[in-house]
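Report on the following structure.
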Amino acid sequence: MAKGVWIVAEQRDGALRKVSFEIASAARKLADELGVEVCAVLLGSGVEGLAPELGKYGVDKVYVADDAAFAQYTTDAYAAAVAKVVKENDGAILLLGASVQGKDLSSRLVGALATGMASDCVELGIADGKLLAKRPMYAGKCFGEVVTDVTPQMASLRPNVFAVVENAKAGEVVKFDAGLDAGALKTKVLEVQKDASGKVDLTEADKIVSGGRGMKGPENYTILEELAGVIGATVGASRASVDAGWRPQSDQVGQTGKVVSPNLYVACGISGAIQHLAGMSSSKYIVAINKDPEAPIFAKADYGIVDDLFKVVPEITNAAKKIM
Amino acid sequence: MNIVACVKQVPDTEALIKVKPDGSGIDEGGIKWVMNPYDEYAVEEALKLKEAKGGEVTIVTVGPARAIESIRTALAMGAEKGIHISDPALDNADAYNTAAALAAAIKGVNPDIIYCGMRAIDDDNGQVGSVLAELLGLPQVTVVTKIDYEEGKIKAVKPIEGAQLLIESPLPCVVTAQKGLNEPRYASLPGIMKAKKKPVDVKDAAALGVSVAPKSKVAKMTPPPERAPGKIIAGDDPAAKAAELVRLLREEAKVI
Ligand SMILES: Cc1cc2nc3c(=O)[nH]c(=O)nc-3n(C[C@H](O)[C@H](O)[C@H](O)COP(=O)(O)OP(=O)(O)OC[C@H]3O[C@@H](n4cnc5c(N)ncnc54)[C@H](O)[C@@H]3O)c2cc1C
Ligand SMILES: Cc1cc2nc3c(=O)[nH]c(=O)nc-3n(C[C@H](O)[C@H](O)[C@H](O)COP(=O)(O)OP(=O)(O)OC[C@H]3O[C@@H](n4cnc5c(N)ncnc54)[C@H](O)[C@@H]3O)c2cc1C
């Protein structure tokens, strides 16, 4: 009989990532409903000391494999280790973050564990003792409730959606042997090039100030950067402004860009095309600044200002400065 | 080289999606079908590699009869041949079963490299490429924006949160394509004419020797939650409107 809610904790450069606490908190809730334990798999090099931090968010047992081969994430090494420990312990439910790493790893595990998964979920529950996972489909135009009939029942969780809840457990450390065969590891990370700006990635940002074709040119993004600097936001962009070469591809929000879930999304000079809405409509609060009162973005916005963004945005920055 | 690109036919990005009243699926009436946008990057990359190193591009699709249109589109772009896996048992199959069918078909091609899109924009799973790699016992490099091809291996760039990775993988491997990898070409009129004569093998699950055993299913579909109508901040003075917005964000929404 499969047992326990399992998570894969994500760490980078020896620090746990926020999404790990979100998954742990979500796992705790499911485990309490089922009356079972939460087990985390933690891979890395010199990471054993991170276990108590996971305990803080409700993890009972942390299965740690410490190996130089885990210093950098690679699909080969991580998938083999997670598949082994989850199989050996017959985990009932397995949750990962729908982060870049979590997406790569979880989908590989679907193959390795011969199971099903609900990707990028925004809601989890238990029905008849089984995991019921809700996820947006067709770019958020509808939602699907996914049930998996085999174990482990897998889900990946959209970052920034599940609340981090403190619920301290002992976080007992269990070391395990990942049984890695170094010869079987095929891919190698040759280089990690860090983004020098140090800005929070859009997929993890709590606030986003985004600019579209209405920005008129790359130089004008400074007004968005000023506002973002004051309220602690990351700057994003529509596809029109990325395709015009004003902003890098990594800034694009939408169906063929990033899917974001911030608390606040400020759309400046963005019309609100269906493909843009696909990427940001799950934001908690949406603000639209557009001179066209008919722009479709206003139908999605919680607050709207119909005006020239070049007049309004600097004033928002001024007003925000006074209270921040 | 034997180059494979997997393509899925999906509703056009502009399509209005209506959930059937009983929640069993979407109403497919009036939908315009297109090749998944990410698969356009996959096909383009396959064609570019063929043009540089020689070989043949095979397009593989799982889908109902209409899905052959996406194969024809790829053939018109310049691919050589198609495999259409068409079987009612695979309609709406989960990622595992979809990938298992693709794997069975692709094994016969003896591929040097396989391209997929990073995700299909209808079901948005982003699973099939990786499951396929696992089932074929191949390495994977997902969500790739740049590839350099070397003898027997690739070096690929993958953006992650706040950084870019340069990843090396031996061939054969599975690559999933992200926007930015290339600029997909359009099918030319002569290309479209030629595509009609190119071979497409139609196979069902039995012919491929796969048995379909569902793992996951969508129990119910629902329309998205309605957003309450928003507030338009009235007035003529940009500064006053800006101040009111900031007040609302602080006092009402409590987000700044
Ligand atoms: C397959 C496919 C995938 C796509 N994927 C994406 C995606 O991932 N992300 C995405 O964003 N788009 C995507 N698109 C493109 C999408 O359809 C739109 O073309 C795009 O979102 C438009 O960008 P925009 O809103 O910046 O520009 P526009 O639609 O041109 O809107 C500009 C807006 O700025 C306003 N404006 C102009 N000047 C001012 C001013 N001074 N002050 C205030 N307002 C002003 C205008 O009123 C207008 O509403 C995709 C399209 C396709 C076909
Ligand atoms: C309402 C609904 C919800 C669903 N939710 C889930 C779910 O949560 N979990 C689940 O496992 N299944 C789900 N399915 C089944 C789903 O339809 C899939 O067929 C399967 O999981 C593939 O996912 P995807 O289409 O999103 O492809 P992705 O995994 O997103 O596709 C990535 C790439 O794989 C290739 N590819 C994908 N499908 C095909 C294909 N048919 N032919 C050729 N190449 C292909 C393409 O290159 C594509 O770019 C759902 C189905 C429906 C109708």
Side-chain angles (χ1 to χ4, degrees), chain A residues 75-76 99-100 103-104 107-108 110-112 114-117 119-120 137-150 186-195 201 203-204 231 249-250 255-256 263-264 274-275 285 287 300-307 311-312 315-316 319-320 323, chain B residues 13-14 17 19 26 37 94-96 99 121-127 130-131 134-135 139-143 145 155 159-170 179-180 215-224 227 230-233 238-239 241-243 245-246 248-250 253 255-256:
Chain A
T75 316
D76 292 353
S99 57
V100 178
K103 281 181 183 155
D104 185 86
S107 51
R108 184 83 188 197
V110 167
T115 187
M117 174 169 77
S119 303
D120 214 16
M137 304 185 41
Y138 296 93
K141 292 176 202 167
C142 65
F143 283 71
E145 287 176 6
V146 181
V147 180
T148 301
D149 291 317
V150 287
K186 293 177 181 152
T187 53
K188 274 200 290 266
V189 177
L190 301 178
E191 205 181 302
V192 181
Q193 212 175 63
K194 293 226 165 106
D195 172 8
D201 192 79
T203 57
E204 300 177 325
I231 63 171
Q249 170 63 42
S250 56
Q255 190 151 37
T256 44
N263 268 318
L264 175 63
I274 199 153
Q275 299 90 350
Y285 284 95
V287 172
K300 293 283 165 190
D302 299 280
Y303 303 111
I305 295 182
V306 181
D307 211 327
K311 291 186 190 143
V312 175
E315 293 295 352
I316 300 174
I323 60 153
Chain B
T13 50
E14 295 280 355
I17 299 295
V19 178
I26 62 157
D94 53 45
Y96 188 90
I121 60 147
D122 51 354
D123 304 331
D124 284 329
N125 270 310
Q127 298 180 29
S130 301
V131 181
E134 172 71 26
L135 296 180
Q140 69 189 53
V141 195
T142 56
V143 194
T145 55
K155 286 183 182 160
I160 61 170
E161 301 91 350
Q164 307 236 21
L165 304 180
L166 181 65
I167 299 175
E168 182 181 280
S169 172
K179 178 172 182 261
K215 310 277 184 195
S216 275
K217 61 173 182 292
V218 179
K220 197 174 132 208
M221 288 180 67
T222 48
R227 283 190 93 94
K231 250 184 218 172
I232 298 287
I233 299 168
K241 285 190 282 192
L245 174 67
V246 168
L248 288 167
L249 291 178
R250 161 139 292 198
V255 286
I256 61 171

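Since the model is a prediction, treat every value here as computed from it, not as a measurement.
- To the nearest 0.5 angstrom, A:K141 atom NZ is 10.5 Å from B:D122 atom CG.
- Heavy-atom pairs under 4.5 Å with chain B peak, among A:G116, A:S99, A:G111, at A:G111.
- Annotation: maximal heavy-atom pairing with chain A below 4.5 Å, among B:L249, B:V19, B:V141, B:I232, occurs at B:I232.
- Heavy atoms closer than 4.5 Å to chain A are found nowhere in B:A99, neither backbone nor side chain.
- By number of non-hydrogen pairs under 4.5 angstrom with chain B, the leading residue of A:A139, A:S250, A:A319, A:A301 is A:A319.
- Side-chain contact check for B:K155 versus B:L166: some heavy-atom pair is nearer than 4.5 Å.
- Taking chain A as the reference chain and counting heavy-atom pairs below 4.5 Å, the highest number among B:G230, B:P224, B:A219, B:A243 is found for B:P224.
- Taken from CG in B:L245 to CD1 in A:I305, the straight-line distance is 4.5 Å, to the nearest 0.5 Å.
- Contacts with chain B were tallied for A:T115, A:V189, A:L190, A:I316; A:L190 has the most, counting heavy-atom pairs under 4.5 Å.
- For chain B, the nearby parts of A:D104 are the backbone and the side chain; heavy atoms of each come within less than 4.5 Å.
- Ion pairing between B:R227 and A:D302 holds under the 4.0 Å rule for side-chain N and carboxylate O.
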task = Verify side chain to side chain contact (heavy atoms under 4.5 Å, CB included) between B:S130 and B:T142, making sure each step is shown before the conclusion.
result = CA-CA 8 Å; B:S130 301; B:T142 56; 3.7 Å; yes
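- Between chain A and the options B:A239, B:P159, B:S169, heavy-atom pairs under 4.5 Å are most frequent for B:A239.
- Looking only at heavy-atom pairs under 4.5 Å with chain A, the residue among B:N125, B:L248, B:T145, B:I256 that has the most is B:N125.
- Heavy atoms closer than 4.5 Å to chain A are found nowhere in B:V143, neither backbone nor side chain.
- Taken to the nearest 0.5 Å, the OG1 atom of A:T75 stands 4.0 Å off from the CD atom of B:Q140.
- For the set A:K194, A:E204, A:K186, A:K300, the entry with the most heavy-atom pairs within less than 4.5 Å of chain B is A:K186.
- For B:K215, the NZ atom counts as densely surrounded, since its 6.0 Å shell holds more than 12 non-hydrogen atoms of other residues, nucleotides or ligands.
- Heavy-atom pairs under 4.5 Å with chain B were tallied for A:M137, A:Q275, A:E145; the largest tally goes to A:E145.
- Counting only heavy atoms from C-beta outward, the side chains of A:V100 and A:D201 never approach each other to under 4.5 Å.
- Side-chain contact between B:V246 and A:I323 is present, with at least one heavy-atom pair separated by less than 4.5 Å.
- When each of B:P139, B:G162, B:A242, B:S216 is checked for heavy-atom pairs under 4.5 Å with chain A, B:S216 comes out on top.
- Using a 4.5 Å cut-off between heavy atoms, A:Q249 contacts chain B through its side chain alone, with no backbone atom that close.
- Between chain A and the residues B:K217, B:E14, B:E134, the largest count of heavy-atom pairs under 4.5 Å involves B:E134.
- Both the backbone and the side chain of B:I121 come within contact range of chain A, each with at least one heavy atom under 4.5 Å from a heavy atom of that chain.
- Residue with the most contacts toward chain B among A:N263, A:V306, A:D307: A:D307 (heavy-atom pairs, distance under 4.5 Å).
- Proximity to chain A (any heavy atom under 4.5 Å) is restricted, for B:P37, to the side chain, taken from C-beta onward.
- Proximity of a side-chain donor or acceptor of B:Q127 to a complementary backbone N or O of A:M117 within less than 3.5 Å is detected.
- Interatomic distance, CD1 of B:I167 versus OG1 of A:T187, reported as 6.5 Å (0.5 Å rounding).
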